[in-house]
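A quick write-up on the structure given underneath.
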There are 6 protein chains.
Amino acid sequence: MPWQDQPEGNNDIIWRYTENPIINRYDIPSSNSIFNSAVVPFEGGYAGVFRCDNKAVQMNIFAGFSKDGIHWDINHEPIIMQAGNTQMIESAYKYDPRVVFIEDRYWITWCNGYHGPTIGIGYTFDFKEFFQCENAFLPFNRNGVLFPEKINGKYAMLSRPSDNGHTPFGDIYISYSPDMKYWGEHRVVMKATPFEESAWQCTKIGAGPIPILTDDGWLMIYHGVINTCNGFRYAMGTAILDKDNPDKVKYRTRDYLLGPAVDYEMVGDVPNVVFPCAALHDFEQDKLAIYYGAADTAVALAFGKLSNVLEFTKQNSL
Amino acid sequence: MPWQDQPEGNNDIIWRYTENPIINRYDIPSSNSIFNSAVVPFEGGYAGVFRCDNKAVQMNIFAGFSKDGIHWDINHEPIIMQAGNTQMIESAYKYDPRVVFIEDRYWITWCNGYHGPTIGIGYTFDFKEFFQCENAFLPFNRNGVLFPEKINGKYAMLSRPSDNGHTPFGDIYISYSPDMKYWGEHRVVMKATPFEESAWQCTKIGAGPIPILTDDGWLMIYHGVINTCNGFRYAMGTAILDKDNPDKVKYRTRDYLLGPAVDYEMVGDVPNVVFPCAALHDFEQDKLAIYYGAADTAVALAFGKLSNVLEFTKQNSL
Amino acid sequence: MPWQDQPEGNNDIIWRYTENPIINRYDIPSSNSIFNSAVVPFEGGYAGVFRCDNKAVQMNIFAGFSKDGIHWDINHEPIIMQAGNTQMIESAYKYDPRVVFIEDRYWITWCNGYHGPTIGIGYTFDFKEFFQCENAFLPFNRNGVLFPEKINGKYAMLSRPSDNGHTPFGDIYISYSPDMKYWGEHRVVMKATPFEESAWQCTKIGAGPIPILTDDGWLMIYHGVINTCNGFRYAMGTAILDKDNPDKVKYRTRDYLLGPAVDYEMVGDVPNVVFPCAALHDFEQDKLAIYYGAADTAVALAFGKLSNVLEFTKQNSL
Amino acid sequence: MPWQDQPEGNNDIIWRYTENPIINRYDIPSSNSIFNSAVVPFEGGYAGVFRCDNKAVQMNIFAGFSKDGIHWDINHEPIIMQAGNTQMIESAYKYDPRVVFIEDRYWITWCNGYHGPTIGIGYTFDFKEFFQCENAFLPFNRNGVLFPEKINGKYAMLSRPSDNGHTPFGDIYISYSPDMKYWGEHRVVMKATPFEESAWQCTKIGAGPIPILTDDGWLMIYHGVINTCNGFRYAMGTAILDKDNPDKVKYRTRDYLLGPAVDYEMVGDVPNVVFPCAALHDFEQDKLAIYYGAADTAVALAFGKLSNVLEFTKQNSL
Amino acid sequence: MPWQDQPEGNNDIIWRYTENPIINRYDIPSSNSIFNSAVVPFEGGYAGVFRCDNKAVQMNIFAGFSKDGIHWDINHEPIIMQAGNTQMIESAYKYDPRVVFIEDRYWITWCNGYHGPTIGIGYTFDFKEFFQCENAFLPFNRNGVLFPEKINGKYAMLSRPSDNGHTPFGDIYISYSPDMKYWGEHRVVMKATPFEESAWQCTKIGAGPIPILTDDGWLMIYHGVINTCNGFRYAMGTAILDKDNPDKVKYRTRDYLLGPAVDYEMVGDVPNVVFPCAALHDFEQDKLAIYYGAADTAVALAFGKLSNVLEFTKQNSL
Amino acid sequence: MPWQDQPEGNNDIIWRYTENPIINRYDIPSSNSIFNSAVVPFEGGYAGVFRCDNKAVQMNIFAGFSKDGIHWDINHEPIIMQAGNTQMIESAYKYDPRVVFIEDRYWITWCNGYHGPTIGIGYTFDFKEFFQCENAFLPFNRNGVLFPEKINGKYAMLSRPSDNGHTPFGDIYISYSPDMKYWGEHRVVMKATPFEESAWQCTKIGAGPIPILTDDGWLMIYHGVINTCNGFRYAMGTAILDKDNPDKVKYRTRDYLLGPAVDYEMVGDVPNVVFPCAALHDFEQDKLAIYYGAADTAVALAFGKLSNVLEFTKQNSL
């Protein structure tokens with residue numbers, strides 16, 4: 001998996017890849033920006049689903065492939081969806097995808113434009129043919145993230161109910177489905193924090209990469225937002241959810257683990273955005289690699305030791 | 001059923017009961033207001049579920065009973081919910097109930113406070129014991145209205161996705177469930193109109209009473225809202241939805257059928273509100289009686305001839 | 001002209017007609033409300049152009065006729081415009097008309113929907129055939145009011161530049177045209193007042209009836225708006241503009257002359273609105289009759305002595 | 001003191017005077033509205049300081065006198081202030097006065113316009129000559145209410161920090177002064193409530209009449225506001241503060257005691273406002289009379305038994 | 001004319017000058033920023049009118065001169081206007097000028113402060129003496145751009161009606177004048193796009209340089225704005241308008257041609273702004289040079305081949 | 001004191017230190033950002049109180065020490081307050097400190113979180129032990145700045161009344177206290193400017209460093225804010241207040257003296273912020289060193305000649 005050792009003198013839990021951004025805004029001919037994208041191991045290398053806004057600033061998702069998880073070939077044409085568990089595959093736009101392998105296939109969720117943003121679901125076996133399913137929820141919703149296995153016999157999805165604009169609020173919920181078609185048992189998981197306790201996540205929060213099952217429970221990497229007088233600032237934190245009842249938050253970081261602090265995160269189409277969407281991990285090697293959108297413009301990569309991240313989450317918990 | 005003949009000289013499709021409001025704001029000891037309430041035939045008379053905000057302006061629902069559908073005895077204590085298809089029966093508040101008999105029991109839906117407004121579901125067999133089920137959707141949602149029978153083998157519910165405040169937008173959607181627990185197959189039914197075409201329903205709309213199956217399809221009575229410089233004004237319209245595919249709107253009134261025009265509708269806790277929540281009908285007698293909240297303060301009653309309402313809806317369609 | 005003597009004990013400059021409203025919301029079959037309408041002497045009686053919003057709350061203007069200026073026959077169909085000095089007679093909606101006779105015909109101005117509200121212009125010779133001209137201005141504008149004669153050889157029009165919503169600001173300007181087609185020489189006439197000086201007109205102002213030429217200059221009756229915590233409140237004031245340079249305000253009332261204080265002004269589709277749109281006067285009899293919209297719902301009438309109004313304007317000037 | 005027995009069948013803690021409003025909007029020649037006014041026993045009868053907005057809607061305070069506390073003679077000219085403990089007696093406007101006798105004189109507080117609303121202080125010995133002191137606080141503040149005696153050797157004042165508009169938030173604070181000139185020791189007393197607990201007071205609250213010392217502590221009558229989709233609604237509640245540490249709230253009503261429910265409270269310049277500003281009481285007779293502004297238009301009167309009010313406050317406490 | 005060949009490997013329709021910005025924020029002693037400025041050929045070289053905000057951030061326009069169109073001498077004192085076709089030459093501020101030669105003189109339009117922003121008009125023969133004419137329109141308006149020749153015998157001007165703040169909407173209109181004094185025949189030309197179709201221009205649009213007459217019609221270079229959660233982002237597109245009826249849009253780019261992507265466009269007083277105001281062209285050499293404001297701070301230059309721009313506009317049309 | 005000669009060719013009144021920022025965002029282990037901080041001469045070197053937001057973005061103040069005023073050792077733990085003139089030392093957050101020596105000790109003021117932002121006061125003799133006093137004012141207030149000596153026998157403090165969010169208004173006031181506990185005699189000092197006169201300070205202003213007594217009066221360095229379409233931009237100006245009546249503004253710069261123009265001021269957690277909080281001066285050497293927060297991220301330093309600053313303030317006065 002992609003990796004770069006921590007620089008000397010750097011004591012952070014998470015450190016940036018020195019060759020960031022790994023994908024730049026104009027890396028395919030049509031693109032205005034490529035960011036907030038998802039990656040999974042695939043056939044000895046990696047496959048990914050990428051948010052590429054084109055130069056009309058239409059939002060869509062594209063498949064891509066890489067041998068090392070760092071250098072990517074992204075298709076020049078967006079993913080075309082065939083009918084999956086429904087004939088209704090309307091989609092005014094697609095953005096912020098997540099990808100996860102469950103049982104026999106790769107499931108993709110994204111923010112799907114159906115009379116407002118909601119959570120689209122699709123799957124592929126090969127990253128060539130894609131099948132679109134029923135939207136999980138009514139609008140307005142964003143940041144739908146599936147768990148990598150069934151919980152108590154059901155599919156489980158995190159999401160963040162929103163409004164139809166630049167939502168100034170937002171908490172993380174979990175919902176369950178027996179069949180990836182009908183969803184229920186909605187529970188609040190965790191909420192934006194009081195300003196005084198942890199201001200970087202006081203405006204809204206949303207799940208990022210697919211949660212990782214650890215001995216401590218589900219490691220959830222998420223973004224938090226503070227509303228400054230000059231706009232939203234997105235940073236990254238972590239939480240550990242109970243394995244069997246993931247609406248129970250066991251630990252949640254008071255501090256952010258990565259916040260906008262270098263040029264490609266602070267300057268771009270939307271300044272001051274660190275938005276994690278995918279992670280690769282290796283327990284044996286104690287490695288974690290996080291893909292994140294930078295300034296709504298490019299894709300960047302950061303690394304950490306899994307054991308450190310878990311320990312920090314437990315020690316630094318709200 | 002409740003009825004009063006149309007006054008001489010009155011040519012409206014819908015006319016008001018002369019003894020309105022039939023329930024006043026202080027009609028139970030604890031209440032600040034009683035409005036937006038639902039009624040069904042029950043044991044030779046009528047039962048109802050009433051929104052009674054108490055003098056702390058806490059919102060809750062109360063059972064009530066009537067022989068004639070006009071004079072009501074409303075319980076002085078709110079409905080207590082037992083666990084139905086879930087143990088999770090949190091409810092910070094309950095308001096705007098609808099009631100419908102399906103198969104073997106009376107189902108109640110309401111706006112349920114679970115970290116924001118969403119659609120609560122419950123049932124009763126006798127209006128004495130009540131059982132609360134899983135919320136249908138994630139927040140934020142209001143105006144959840146069940147169809148009185150399964151459609152294509154599934155329960156069907158109209159709803160209006162919202163935000164967490166005085167939502168300035170809102171369209172009607174339909175969702176389906178095999179089991180009253182998991183919901184999916186969400187489809188937009190109809191949207192707020194362009195200002196130029198029909199301004200009384202240009203800000204938001206929401207379903208009202210349980211839809212009535214007619215030869216033309218489902219008769220849906222709904223409210224529409226215009227945002228004037230002095231606040232929202234709620235009026236009532238009708239639509240006819242396709243019987244088997246109720247996300248298809250066959251007809252929809254360009255004109256409102258009842259708008260705030262008398263004192264108890266124009267003056268109250270929220271001025272200028274006509275908000276229908278329930279209807280009784282008799283095809284043989286060609287009668288329709290509509291219960292509506294007046295100025296978020298009291299319950300009023302209006303009448304019409306079913307055949308006229310249907311004809312008007314078809315002739316006056318957008 | 002319409003008239004009713006001042007009630008005993010009433011010392012106000014302007015007093016209400018006791019039979020108000022003279023036109024009610026449902027006075028024609030299609031109407032939801034009839035208000036903000038204009039009246040002129042015509043063929044021994046009176047003709048008028050009426051704002052009738054229909055029950056779809058589409059806004060349009062209708063011709064009407066009266067022998068006494070009090071009892072009106074309003075056409076059941078809206079005015080149909082033929083091409084006047086242009087073929088471009090698009091109109092998404094028409095509201096708040098004013099009417100004035102200049103030279104050889106009756107000119108009508110109104111708020112015309114052309115990609116937003118702007119000032120429509122039309123004319124008629126007989127209140128049967130109507131001809132629409134070029135819009136005077138770009139959007140967004142409301143309350144366009146012509147002077148009853150050319151000033152310095154040009155047509156002159158007051159107007160109130162706005163935005164595309166419930167404009168929270170607004171001042172009165174004057175513009176000139178050699179030909180009723182091209183407009184220029186735009187000058188500010190008067191502005192909303194500082195809150196401390198005259199709060200009833202501190203949010204926005206707009207011209208009302210056609211200005212009346214007096215020995216002191218042009219008597220302009222106008223509305224002023226204060227934004228209370230429960231919405232806009234519209235009241236009526238007067239100003240006197242210089243005869244030859246009407247962008248010079250000679251006098252302007254600090255006090256309002258008529259504010260919402262009776263039921264039909266305080267309760268209705270938009271509570272607390274007194275909105276003057278037309279006036280009849282007779283210098284010899286020292287009479288002034290003002291037609292005004294009440295609560296955006298009905299048409300009402302008020303009276304005053306011209307000499308008193310002028311004197312009050314001069315004595316009570318800001 | 002003014003009194004009217006509770007009507008038969010009325011079980012409310014507070015009941016309205018049947019001849020309300022006792023002062024109408026046009027009761028002095030210059031006034032647009034008279035409301036939110038204060039009253040004290042004076043020379044065998046009663047004196048008061050009245051908010052009279054004139055017809056320019058300039059806000060000012062006027063002295064008035066009454067034999068019975070019900071029928072009032074209000075001066076036609078506003079109070080003129082002389083220099084008290086300062087030469088700086090700027091005042092762009094004055095509104096919402098309170099009056100209290102402490103030691104040797106009548107102290108008046110009001111909302112004073114000094115580059116925004118703040119708390120003005122003045123005193124009089126005779127309601128003829130008035131002396132203005134230093135403003136208590138920096139802007140922005142409203143609803144400054146003095147305690148009727150020193151607490152721990154200092155003057156004490158409740159107030160409600162605001163912003164410069166129609167403040168959508170607001171909590172009650174207390175401040176102390178050794179000399180009516182310098183103020184400090186600011187403490188929060190009580191805050192707006194969570195929506196779910198007591199919605200009528202969930203947007204903002206503010207102290208009303210001078211607190212009354214009882215065996216249970218200070219009886220504070222206050223207003224609470226809920227922000228409906230059609231504007232603010234003001235109702236009245238009570239609280240009991242600790243005698244020696246009045247920033248400690250011992251009891252506070254969950255229910256309102258009087259809310260807008262009759263025409264003169266629901267219709268007027270600002271609909272749906274009950275705003276208490278003064279109270280008279282007699283422990284021996286167990287009487288309480290509350291003066292309140294109705295719809296920002298008129299002055300009304302309500303009565304209750306002191307013992308009932310206290311008991312209700314204790315039994316109904318949040 | 002200014003020119004730099006397209007860099008190797010660059011396939012964009014428009015490319016940046018490598019020495020950008022050509023004018024920096026502090027290039028004259030008084031300036032805080034120099035941007036959004038206009039340029040024309042003049043006496044063998046080039047003259048220009050420059051927006052220079054001074055260090056009080058007062059906005060004004062300054063004349064400047066250049067031999068090559070790249071290196072500029074900007075006067076240190078703002079343009080002083082003499083009376084042109086009017087004595088009323090009030091101007092609270094001047095910004096965003098455009099310049100065009102018509103018939104016998106250079107016409108300048110700008111955003112002129114007359115009780116709000118509107119379109120100022122002036123002319124010069126020599127860039128030494130300047131004459132101010134009547135404002136074209138009532139406030140509120142911005143981005144007034146003249147056509148370089150009369151159309152159907154009249155002067156023609158594009159403009160963008162606005163409000164009095166950071167307008168969150170805005171469409172392009174055209175108006176005509178027989179005499180540069182009176183304006184009419186207002187027509188909508190093109191509107192902001194639906195978000196789903198072309199989001200970079202979905203909030204508002206405005207004309208940029210003087211339109212260029214081509215065989216395909218008028219080439220209009222314009223800016224489009226998207227409202228991100230961190231503010232407005234301005235990019236550049238092109239459209240082709242019908243030669244004789246320029247309110248007819250023949251083609252309009254779905255994609256932007258130049259968007260903020262380098263430091264001087266993304267960082268500055270207003271980040272993420274590319275704002276074209278002037279263009280030089282040479283059909284024979286197939287050259288187009290576009291002057292644009294960068295981040296409301298500096299002036300930059302970009303180049304393209306005219307034939308490519310036209311072809312792209314036609315092929316990439318909405 | 002810290003100093004660096006003006007670079008050749010630089011003619012500005014204020015110039016930046018070339019090694020800026022002198023303190024970076026991560027200079028202590030816990031910090032997310034260090035900015036808006038205060039410095040005084042102390043024991044032959046310098047002491048300071050620093051705003052360090054930690055990585056939870058909790059705001060707090062930290063002591064630090066320096067020999068040269070440029071290289072700083074900041075404590076890793078925040079200041080712990082003991083009870084000063086009160087036992088009530090609640091503080092939900094502390095930010096934007098100022099420090100001044102008066103009589104016998106160092107006084108610190110800061111924005112203190114007590115149910116909203118207000119002005120906290122504390123003192124220290126040694127920068128080891130700190131004592132917290134009563135808050136000066138009720139919320140909501142920011143930018144409390146003490147004068148370095150009593151005026152007319154009383155302590156004097158500048159402040160900026162605010163609201164509870166990203167306040168879009170704000171003027172500078174002065175208040176007096178006999179004892180650092182009770183405050184009064186509040187006077188407006190200076191207000192935000194009209195947009196047309198000096199737009200960089202048209203939204204709000206606030207005092208910065210401790211005022212410096214000069215022969216001309218009190219030199220007050222302050223920040224001004226303009227609200228651009230992409231957020232607030234903070235720049236720095238100066239004013240001279242009357243020595244004995246500091247609410248009298250003798251001079252005030254029309255131009256800003258330092259505005260965001262280099263990367264560390266334009267890019268960061270809040271872009272485009274120059275926020276002065278402290279200054280060192282030496283009349284004999286004619287030196288002024290200003291510490292300012294840059295982009296709410298780091299601390300920077302700028303220099304000027306005192307005589308030039310005073311002269312400029314007088315010559316460039318509004």
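Below, chain A is the first sequence line, B the second, and so on; all start at residue 1. Treat the numbers as computed from the prediction; the structure is a model and nothing was measured. Reckoned from all heavy atoms, side chains included, excluding hydrogens, waters and symmetry mates.
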The interface call for F:Tyr93 against chain A, heavy-atom contacts under 4.5 Å, is side chain
In terms of heavy-atom pairs under 4.5 Å with chain F, the winner among A:Thr228, A:Val267, A:Asn227, A:Leu318 is A:Thr228
Taking the side chain as everything from C-beta on, heavy atoms only, tell me whether F:Pro271 gets closer than 4.5 Å to A:Asn272. yes
Mark yes when over 12 heavy atoms from residues, nucleotides or ligands other than A:Asp242 sit less than 6.0 Å from its CG; otherwise mark no.
yes
Under 4.5 Å to a heavy atom of chain A? For F:Met59 that would be side chain
message = Can you confirm whether more than 12 heavy atoms, excluding those of A:Asn10, are under 6.0 Å from its CG atom?
response = yes
Residue from F:Thr167, F:Val270, F:Asn54 scoring the most non-hydrogen pairs under 4.5 Å with chain A is F:Val270
Are there more than 12 heavy atoms of other residues, nucleotides or ligands under 6.0 Å from atom NZ of A:Lys243?
-> no
Under 4.5 Å to a heavy atom of chain F? For A:Arg233 that would be side chain
Of F:Gly113, F:Pro29, F:Gly268, the largest count of non-hydrogen pairs under 4.5 angstrom with chain A goes to F:Gly268
When rounded to the nearest 0.5 Å, the distance separating CD of F:Gln58 from CD of A:Glu197 is 8.0 Å
When the 4.5 angstrom heavy-atom criterion is applied to F:Asn32 and chain A, the contacting part is both
Taken to the nearest 0.5 Å, the spacing of A:Ile226 CD1 from F:Asp53 CG works out to 8.0 Å
From the list A:Arg254, A:Met266, A:Glu265, the residue making the most non-hydrogen contacts under 4.5 Å with chain F is A:Arg254
Ranked by heavy-atom pairs below 4.5 Å to chain A, first place among F:Ala56, F:Gly231, F:Pro168 goes to F:Ala56
Turns out that what part of F:Arg25 lies under 4.5 Å from chain A's heavy atoms comes down to side chain
Looking only at A:Ala261, A:Gly259, A:Ala235, most heavy-atom pairs under 4.5 Å shared with chain F are made by A:Ala261
query: Does atom NZ of A:Lys305 have more than 12 heavy-atom neighbours, drawn from other residues, nucleotides or ligands, at distances under 6.0 Å?
result: no
Taken to the nearest 0.5 Å, the spacing of A:Asn230 CG from F:His166 NE2 works out to 9.0 Å
Comparing F:Asp296, F:Asp269, F:Val273 against chain A, the one with the most heavy-atom pairs below 4.5 Å turns out to be F:Asp269
In this structure, NZ of F:Lys55 is separated from CG of A:Asp12 (nearest 0.5 Å) by 6.5 Å
Would you indicate whether A:Lys314, at its atom NZ, is surrounded by more than 12 heavy atoms from other residues, nucleotides or ligands within a distance under 6.0 Å? yes
